[in-house]
Amino acid sequence: MSLWRIRTEVDDRPGRLAALSRALADVGGNILTLTVQVDAAGVVDEFIVETPPGVSGEAVGTALRIAGGRGVVTVPATRRDLVDEPTRALLLAGRVGAEQRNLPDLLMELLRADAARWLADGEEADLVVPIGPARHVGLTRRLPFTLTEAARAEAFVRLLLLDGTASRETVSLGDGTRLPVRPLHPDDLTEVQALHRRCTAETRRARYFVARRQLTGHMWKAFCDPGWGVTYLVQAGQRAVALAHLAYTPEPGVAELAVLVEDGWQERGLGRSLVAMLVADARDRGLAELRASLLADNVRMRRLLVAHGATFAYGGSVVEARMGLARGRAAAR
């Protein structure tokens, strides 16, 4: 029997995975593992498949392309590839402290790359993982790296860094003024409700799609729940002037962002600083992608997201934004 590691882009709609499974079965393939990852182009499926002797990787790839797979790449696999990703990461994490000098080898094993080495400034590779201002690890592999894998490598590297999380103590306005920012606390409810009452209907509509004057109990509970994500509160004196949300989605490695800024503090660079903070925070959490749902007339927010490389899908009154995160610090090329 032969083992193959196969990666293909798949339309994220019902029935597509079933079609690929049938195509593999038609050439005698037995799926041993399946992982789903996020990349800039959408959903990427990776299979470890066992086939009878005489079935080539080219034949497997052709069957998948006919069944609707895009960008199909097939390479030989070994029994070691059958170790699931969480187990692989945990085993390697236990070796990080004793093997910091061998970080390229650990990253190569984590991502099952073909080669890894330290890079000098300016050198490139298929995946470049920054370790510090002038230290980088470059990885190469025949299979393309996904954004999920780039984020996974970045999170793995942070095990080595004593100061790997950016400060979230202040945010800057355009004139250099700094305002304190901190995670929301359940005791902040009264001030946050007052913030909503001070905001105009237009500002509240841009944030919630309706001119909501008060948060419901369910919303408040979610904003304060670490399992939901994180909400940051910005204050000027004792008064709340902005909220910034990073909410996890059911998709692994994906979160949504949203910002509410009191009208009197708009057009001063606060929204721009909050979006940059959320993007950095999402990277620190090892996320691969950020999304946002906007009203089509929310031009201001759309411009802020464009600055971070967002792409947009337009559908009537709502615009869906997507940002791949790993290209900034752990860049898939």
Side-chain angles (χ1 to χ4, degrees), residues 1-89 107-116 125-127 139-153 249-254 287-289 291 311 313 320 322-327 330-333:
M1 303 295 282
S2 301
L3 281 179
W4 304 100
R5 187 175 173 207
I6 305 164
R7 178 167 292 176
T8 180
E9 297 174 12
V10 183
D11 290 335
D12 190 13
R13 55 191 177 91
R16 301 315 303 159
L17 180 57
L20 297 181
S21 300
R22 286 194 297 270
L24 290 171
D26 289 343
V27 295
N30 179 31
I31 299 174
L32 302 179
T33 69
L34 167 64
T35 59
V36 180
Q37 302 184 29
V38 176
D39 202 16
V43 175
V44 175
D45 285 352
E46 182 174 300
F47 304 88
I48 302 295
V49 175
E50 187 178 51
T51 61
V55 177
S56 67
E58 181 179 355
V60 173
T62 298
L64 288 175
R65 281 187 284 272
I66 293 173
R70 301 187 308 275
V72 179
V73 181
T74 304
V75 298
T78 67
R79 290 291 171 183
R80 293 184 65 187
D81 290 321
L82 295 175
V83 177
D84 64 89
E85 298 301 335
T87 300
R88 182 191 306 277
L107 286 170
M108 181 172 68
E109 191 170 343
L110 176 72
L111 300 184
R112 294 178 288 189
D114 299 324
D126 296 332
L127 179 71
L139 297 100
T140 57
R141 193 178 68 187
R142 181 182 171 188
L143 284 176
F145 292 101
T146 64
L147 292 178
T148 294
E149 289 179 310
R152 185 180 299 153
T249 74
E251 295 185 54
V254 179
L287 298 175
E289 183 180 73
R291 297 177 184 173
T311 59
E320 301 293 337
R322 299 179 63 169
M323 289 179 285
L325 296 175
R327 298 186 183 278
R333 297 178 180 171

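Just so it is clear, the structure is predicted and the values come from calculations on it, not from any experiment. The basis for the numbers below is simple: all heavy atoms, side chains too, and nothing from hydrogens, waters or symmetry mates.
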Val55/Ser2 under side-chain contact (heavy atoms from CB on, under 4.5 Å): CA gap, chis, key distance, verdict: CA-CA 8 Å; Val55 177; Ser2 301; over 6 Å; no
Chi angles and distances behind the side-chain contact (heavy atoms from CB on, under 4.5 Å) call for Leu107, Leu127: CA-CA 11 Å; Leu107 286 170; Leu127 179 71; over 6 Å; no
Write down the atom of [X], the atom of [Y], and the distance for their closest heavy-atom approach.
X	Y	answer
Ala77	Ile48	CB-CD1, 4.3 Å
Gly29	Val49	CA-CG1, 3.8 Å
Ala19	Ala67	O-CB, 3.8 Å
Arg141	Arg112	CD-O, 3.2 Å
Ala23	Ala63	CB-O, 3.6 Å
Gly69	Leu20	N-CD2, 3.9 Å

Could you walk me through whether Leu17 and Leu34 pass the side-chain contact (heavy atoms from CB on, under 4.5 Å) test, one step at a time? CA-CA 10 Å; Leu17 180 57; Leu34 167 64; 3.8 Å; yes
Looking at [atom1] of [X] and [atom2] of [Y], how far apart are the two atoms once the value is rounded to the nearest 0.5 Å?
X	Y	atom1	atom2	answer
Leu143	Thr8	CG	OG1	11.0 Å
Arg5	Thr74	CZ	OG1	11.5 Å
Thr311	Met323	OG1	CE	9.5 Å
Glu46	Thr33	CD	OG1	7.0 Å
Thr51	Leu3	OG1	CG	8.0 Å

So, do Ile6 and Val72 sit near enough that their side-chain heavy atoms are less than 4.5 Å apart?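 When only atoms from C-beta onward are counted, Val72 and Ile6 do touch, with a gap below 4.5 Å.
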Could you tell me if the side chain of Arg79 sits less than 4.5 Å from the side chain of Leu32, heavy atoms only? yes
Assess whether a salt bridge exists between Arg322 and Glu320, defined as any Lys/Arg side-chain N lying under 4.0 Å from an Asp/Glu carboxylate O. no
Between Glu9 and Arg16 (salt bridge meaning N to carboxylate O under 4.0 Å), is one present in this structure? no
Whether the side chain of Arg291 engages the backbone of Val254 through a donor-acceptor N/O pair (distance < 3.5 Å, no angle test) should be reported. no
When you measure from the side chain of Asp126 to the backbone of Phe145, do you find a donor-acceptor pair of N or O atoms at a distance under 3.5 Å? no
Evaluation steps, side-chain contact (heavy atoms from CB on, under 4.5 Å), between Leu24 and Val60: CA-CA 7 Å; Leu24 290 171; Val60 173; 3.6 Å; yes
Less than 3.5 Å apart, any donor N or O on the side chain of Gln37 or Thr146 sitting next to an acceptor on the other?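 Yes, a side-chain donor-acceptor pair sits under 3.5 Å.
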